Trainee: 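A single structure is presented below for examination.
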Amino acid sequence: MVKKYKSVREFVAEIKAESVDPFDVLEKAVRECETVNPAHEPFITLRSSEDVIRDAEQIFSGSWKNLEVPFLPVTVKDNICTKGIRTTAGSKILENYVPFFDATAVRLLKNEGAIIIGKSATDEFGFGTFCTNCAFCTPKNPHDPKRVCGGSSGGAACITALATFPHVALAESTGGSISCPSSFCGVVGFTPTYGVVSRYGLIDYANSLDKIGLMGKSVDDVAFVFPLIAKKDPKDSTSVGLENWENAIPKPGIRNMKFAIPKECLDAIKDEKVLNVFHEFVTELESEGAKIISVSLPLITEALAAYYIIATAEASTNLAKFCGMRYGYSENPEGKHYDEYFSEIRSKAFGEEAKRRILLGTFARMAGYRDAFYLRAMKVRTLVIKTFKKILKDADFILYPTMPVRPPEIQSVKDMKPSEIYAMDVLTVPPNLAGLPHISIPTGKVVNLPVGVQIIGDHFDDMKVLKASNEIEKMFSNDPVIRL
Ligand code: GLN
C-alpha cells in the first residue's frame, strides 16, 4: 500500500496559511493512535484528546504564526522527561513517575509550538535491541506484526511508520537505538553528534554515550525539526549545540560525494538478502556519480565488547538512584533495614535485562578489574575514534547496512541468548561509541521487510549528513510516501 503523506514542511505552511484546522489534525492524530495502539503497541502512554487540545488552545492563544512548528504532533520516547506526563523509561520501577519538568529537547520543541501526543515504548532504560524488554508492551512491526520493531526506540519507529498524520518522533540512542528500529520499520532515524542535543531531562542509560535524536518519515521532516533542538544548554555541561551549521553544508549533488565502505562491516552481515539490497543501492549511487571506495574498519567486534563494558559500567551507577524511596515504585519500608528494602524493591521492579546489566557493569568497575576491563575498553574507544577520523579525512561519509539481519520474529527473540542479542549491535555500536552523527534511511525491501543503510559523517557534520541523505532520498522518490 502506498499512501502520500503530508511532510512537516507542507503541514507548517498550510497551518500558517490557515488552510487546515490544527485542532482537527490533532484530534484525528490522537484517534489514529488510539486505533493502532492495541494491535501495534507503540505507546506506553497515549494522551487524551482533551489534554492535547488543551495544549493546542494554549498555543492558539499566543502569536503562533511566528513559531517554527505550530501544532505539529510529536511523540517522545518514554525515557525523556515530559512535564505532567508519565515517564517510565519502560521500567516498572518508574511506573507512576510524573516529572515536574520538561527535558530541554522537549521544551525547545514545545516552545516552537509542537504538541506531544504520546510517550513511545522503549526497552527498559534503553537496554535492548528489539524493544522486547519493555515492562509495559512490545511494539509490533508495522510491516509484519509477528516481528519486532527493533530497539530500544521501538515505539518511536513503529508510530513513525504507521502515522498518516504529520509527525516526528523524539528518540534516543546509546548504541544504536535510533538506527536499528528505523531500519526495521522503514523510517528515517537520525542520531546527532554527541553533545549537539542537550541530555538534560533524559533518564540516563550511559552518560558518555547517550544522544537524543529524531525519527521521521523522510529526511526532510527530520532536517526541518533538527535545528530546533540542536542548541547549547547550560543545564547540560556536555552540551555544545551546533553553531554556524549553515556554512558547513556542502554543495549539493551526489556527484560531489565520496563514500567509504568498510569491508569488515559487510563481512559481519549474515543475511545474504540484506547484502543484496545494499549492493543494489551502492550500484545506484555509483550510477548517479558518487565516488565509492573500499576501506578497512578493523576492531568492530572489539568496539562491541568495549561498548558493553562502558555502557553497563555507566548504567550500573545510574541505576543506583532507583531505590524505591524518592520516586517510582515503592512499598511500605517500615520495620525493614535499608539494604533489605532496597534489594526487595529492585528485585521486584527491575526487569531481567536491567539486573543483568547492573551485575555486568558493577563487576567491570570493581577495584581489581577496572584496568582489565573498563580502562581497556576506553583505549579501544579511542582507537575506534581515530580509525573513523582517518577514514573521514579521505571520504565524506562512511556507508554500510544498518543491521546485519532483517527484523526477527518476536517469538524467536525469546530463545536468543543475551550475547547473541548484543552481537546484533555490531554495525550500530561503532558510530555511537565514537559519538559521530549518523542516519539510517530505508533503501529497499526483502519481500515485505524494510532494509536500511547507515550514513556516518564526521563530528559536527550533522547537517552535511542530513543534506546528503536528502539527496539520496530523492534518488528513490520525489514524492515522500508511506511505504507499508
Ligand atoms: N542495543 C544496545 C544496548 O542494548 C543499544 C541500545 C540503545 O542505544 N539504547 O545497549
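When a ligand or atom number is given, it counts from 1 through the structure's own listing order. Please read all numbers here as calculations on a predicted model, not as lab measurements.
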Trainee: Does a side chain donor of either S440 or T402 reach within less than 3.5 Å of an acceptor in the other side chain?
Mentor: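 On atom types as modelled, these side chains qualify, holding a pair under 3.5 Å.
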
Trainee: Of all the non-hydrogen atoms in the protein, which one sits nearest to atom 3 (C) of ligand 1, and at what distance?
Mentor: Y308 OH, 3.3 Å

Trainee: Restricting to pairs with a member in residues 124-139, which pass side chain to side chain donor-acceptor pair (under 3.5 Å), not counting sequence neighbours?
Mentor: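 As it turns out, the side chain to side chain donor-acceptor pair (under 3.5 Å) pairs with a partner in residues 124-139, which skip direct neighbours, are S91-E124, T129-D425.
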
Trainee: Starting from atom 7 (C) of ligand 1, locate the nearest protein heavy atom and write down its residue, its atom name and how far away it is, to 0.1 Å.
Mentor: S177 OG, 2.4 Å

Trainee: As an exercise, identify every atom of ligand 1 less than 4.0 angstrom from a heavy atom of G175.
Mentor: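 Those qualifying, in numeric order: 5 (C), 7 (C), 8 (O).
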
Trainee: Only heavy atoms of G126, strictly under 4.0 Å: list the atoms of ligand 1 that pass.
Mentor: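 Those atoms are 4 (O), 6 (C), 7 (C), 9 (N).
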
Trainee: How far is atom 5 (C) of ligand 1 from the closest protein heavy atom, and which atom is that?
Mentor: Y307 OH, 3.3 Å

Trainee: Any atoms of ligand 1 less than 4.0 Å from a non-hydrogen atom of D425? List them with their elements.
Mentor: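 Near D425, meaning under 4.0 Å from one of its heavy atoms, ligand 1 has 1 (N), 2 (C), 3 (C).
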
Trainee: Could you tell me whether K140 and E41 make a salt bridge, using a distance below 4.0 angstrom between a side-chain N and a carboxylate O?
Mentor: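 Yes.
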
Trainee: For ligand 1, indicate whether the residue E353 contacts it via side chain, backbone, both or neither (heavy-atom separation under 4.0 Å).
Mentor: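 Near ligand 1, E353 shows nothing, with every heavy atom at 4.0 Å or more.
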
Trainee: Please say whether T129 places an N or O atom under 3.5 Å from an N or O atom belonging to ligand 1.
Mentor: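 Indeed, backbone or side chain, T129 has an N or O that close.
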
Trainee: If you count every heavy atom of other residues, nucleotides or ligands that lies below 6.0 Å from E420 atom CD, does the total exceed 12?
Mentor: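 Count over threshold, so yes.
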
Trainee: Using a 4.0 Å heavy-atom threshold (strictly under), name the region of Y422 that reaches ligand 1: side chain, backbone, both or neither.
Mentor: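 Y422 to ligand 1: no contact under 4.0 Å from either part.
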
Trainee: Pick one of side chain, backbone, both or neither for how S152 approaches ligand 1, counting any non-hydrogen atom pair under 4.0 Å.
Mentor: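 Looking at S152 and ligand 1, just side chain atoms fall under 4.0 Å.
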
Trainee: Judged by modelled atom types alone, do R326 and Y97 share a side-chain donor-acceptor pair under 3.5 Å?
Mentor: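 Judged by distance alone, the side chains do not pair up.
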
Trainee: Does either side chain, that of T87 or that of K119, offer a donor lying less than 3.5 Å from an acceptor on the other one?
Mentor: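 The answer is yes; a qualifying pair exists.
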
Trainee: Would you check whether R357 reaches within less than 4.0 Å of ligand 1, judged by its heavy atoms?
Mentor: yes

Trainee: Test D458 against every option in K393, K389, K390, K464 by the salt bridge (Lys or Arg N to Asp or Glu O under 4.0 Å) rule and name the one that passes.
Mentor: K389

Trainee: Run the side-chain hydrogen bond (donor to acceptor under 3.5 Å, both in side chains) check on D233 and S239 step by step: do they pass?
Mentor: CA-CA 6 Å; D233 178 16; S239 119; 5.5 Å; no

